[in-house]
Amino acid sequence: DFYCKGLDLLIESFKTVKNNFPEAKLYILGRWKVKKEWVTEGVYFKGEQNIIPYLKKCSLSVHLGRGESFGINVLESMLAGVPIIVSVNTGAKDVVAKADKNMVLPLKKEVIFNKIHNYFNLNLRKKKELSKKNRNIAREFNEKKMLKYFKEQFQDLIREIYQK
């Protein structure tokens with residue numbers, strides 16, 4: 001669902017980015033019925049692909065979900081050390097906020113563009129710091145830790161239900 005994923009807003013925001021950063025490219029993975037208004041210079045629809053080669057060549061990931069739950073692509077980007085911008089309506093926003101709360105944005109084109117513009121203008125040291133912080137936070141989401149967390153939360157829920 002392109003609306004839920006915020007694909008239209010992403011492409012519109014990218015057009016402004018492209019005007020200011022002519023070398024910018026936007027790779028969109030997944031199965032999409034490409035609308036003619038989405039076809040624009042620098043936007044590449046790649047279909048269903050292995051995400052790894054794209055994470056290796058990208059400097060920023062942007063996910064502008066309008067109510068999406070916890071998209072695994074957010075953690076994949078973070079684990080690869082690719083900083084990510086997400087919307088306030090993306091389920092994984094809390095994880096992104098741990099790396100940098102300023103990377104969680106409202107669904108407003110000008111705010112999104114400004115954040116992307118500011119990110120591209122950061123010095124290399126700050127970009128590397130954010131990359132490292134993203135990796136470290138995303139590493140917490142391994143199977144062993146998440147199963148333990150789930151069990152603890154489930155037990156808390158059971159206790160809460162039966163103490164009433």
Side-chain angles (χ1 to χ4, degrees), residues 1-139 141:
D1 172 0
F2 79 89
Y3 186 80
C4 181
K5 297 280 189 186
L7 198 57
D8 55 327
L9 182 58
L10 175 63
I11 293 168
E12 283 305 310
S13 298
F14 179 76
K15 288 176 183 177
T16 307
V17 169
K18 186 73 172 166
N19 287 337
N20 289 268
F21 299 95
E23 71 284 359
K25 295 176 184 163
L26 175 62
Y27 297 103
I28 299 174
L29 305 182
R31 193 175 336 155
W32 299 102
K33 184 175 182 207
V34 179
K35 297 181 177 213
K36 69 179 180 179
E37 62 266 24
W38 294 351
V39 177
T40 188
E41 184 183 346
V43 176
Y44 304 93
F45 288 88
K46 301 309 254 180
E48 290 183 27
Q49 296 284 326
N50 178 348
I51 193 172
I52 293 171
Y54 293 93
L55 289 173
K56 286 181 178 179
K57 65 180 167 181
C58 291
S59 58
L60 181 66
S61 182
V62 182
H63 184 87
L64 304 174
R66 292 182 175 109
E68 183 170 5
S69 58
F70 197 103
I72 194 69
N73 66 307
V74 173
L75 286 180
E76 289 172 329
S77 294
M78 292 176 76
L79 277 170
V82 178
I84 184 164
I85 292 171
V86 299
S87 75
V88 296
N89 302 85
T90 299
K93 68 181 175 284
D94 295 335
V95 179
V96 174
K98 286 181 182 181
D100 184 343
K101 66 180 182 189
N102 296 314
M103 299 295 263
V104 180
L105 306 177
L107 291 170
K108 295 181 181 175
K109 191 171 105 173
E110 64 280 353
V111 174
I112 295 162
F113 165 73
N114 286 334
K115 176 48 72 179
I116 293 170
H117 186 273
N118 291 341
Y119 174 79
F120 284 158
N121 285 321
L122 285 175
N123 65 47
L124 187 57
R125 182 183 58 79
K126 290 189 180 200
K127 287 178 182 175
K128 285 183 176 184
E129 286 173 6
L130 185 56
S131 175
K132 184 178 180 181
K133 198 170 187 184
N134 271 273
R135 261 194 201 106
N136 290 338
I137 289 166
R139 283 185 182 129
F141 287 80

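When reading the values below, keep in mind they use all heavy atoms of this one structure, side chains included, and skip hydrogens, waters and symmetry mates. FYI, the numbering just counts along the sequence from 1.
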So, taking the atom named NZ in Lys25 and the one named OH in Tyr54, what distance separates them when rounded to the nearest 0.5 Å? 11.5 Å
Are Val62 and Phe14 close enough, and set up right, to give a side chain to side chain contact (heavy atoms under 4.5 Å, CB included), and what steps lead you there? CA-CA 10 Å; Val62 182; Phe14 179 76; over 6 Å; no
Would you call the rings of Phe21 and His117 parallel, tilted or perpendicular, where under 30° means parallel and over 60° means perpendicular? tilted
Sole candidate of Ile112, Asn89, Val86 that passes side chain to side chain contact (heavy atoms under 4.5 Å, CB included) when paired with Leu64: Ile112
Minimum side-chain heavy-atom gap Val96-His63 below 4.5 Å: no
Heavy-atom side-chain proximity of Tyr119 to Leu130 below 4.5 angstrom: yes
Close side-chain approach of Met103 to Pro83, heavy-atom, < 4.5 Å: yes
Residue list, salt bridge (charged side-chain N to carboxylate O under 4.0 Å, His left out) with Asp8, at least two apart or on another chain: Arg66
Residues forming a salt bridge (charged side-chain N to carboxylate O under 4.0 Å, His left out) with Lys133, sequence neighbours excluded: none
Tested for ring-ring contact (aromatic ring centres under 6.0 Å, His included) against Phe2, the lone hit among Trp32, Trp38, Phe45 is Trp38
N-O pairing of Lys15 and Glu12 below 4.0 Å: yes
Under a 4.5 Å cut-off applied to non-hydrogen side-chain atoms, are Leu75 and Phe70 in contact? yes
Would you compute the distance between atom CG of Asn19 and atom CD of Glu41 and round it to the nearest 0.5 angstrom? 9.5 Å
Could you pull out the closest heavy-atom pair between Val82 and Cys58, with the gap in Å? CG2-O, 3.9 Å
Output all residues satisfying side-chain hydrogen bond (donor to acceptor under 3.5 Å, both in side chains) with Ser77, sequence neighbours left out; order by chain, then residue number. Ser61
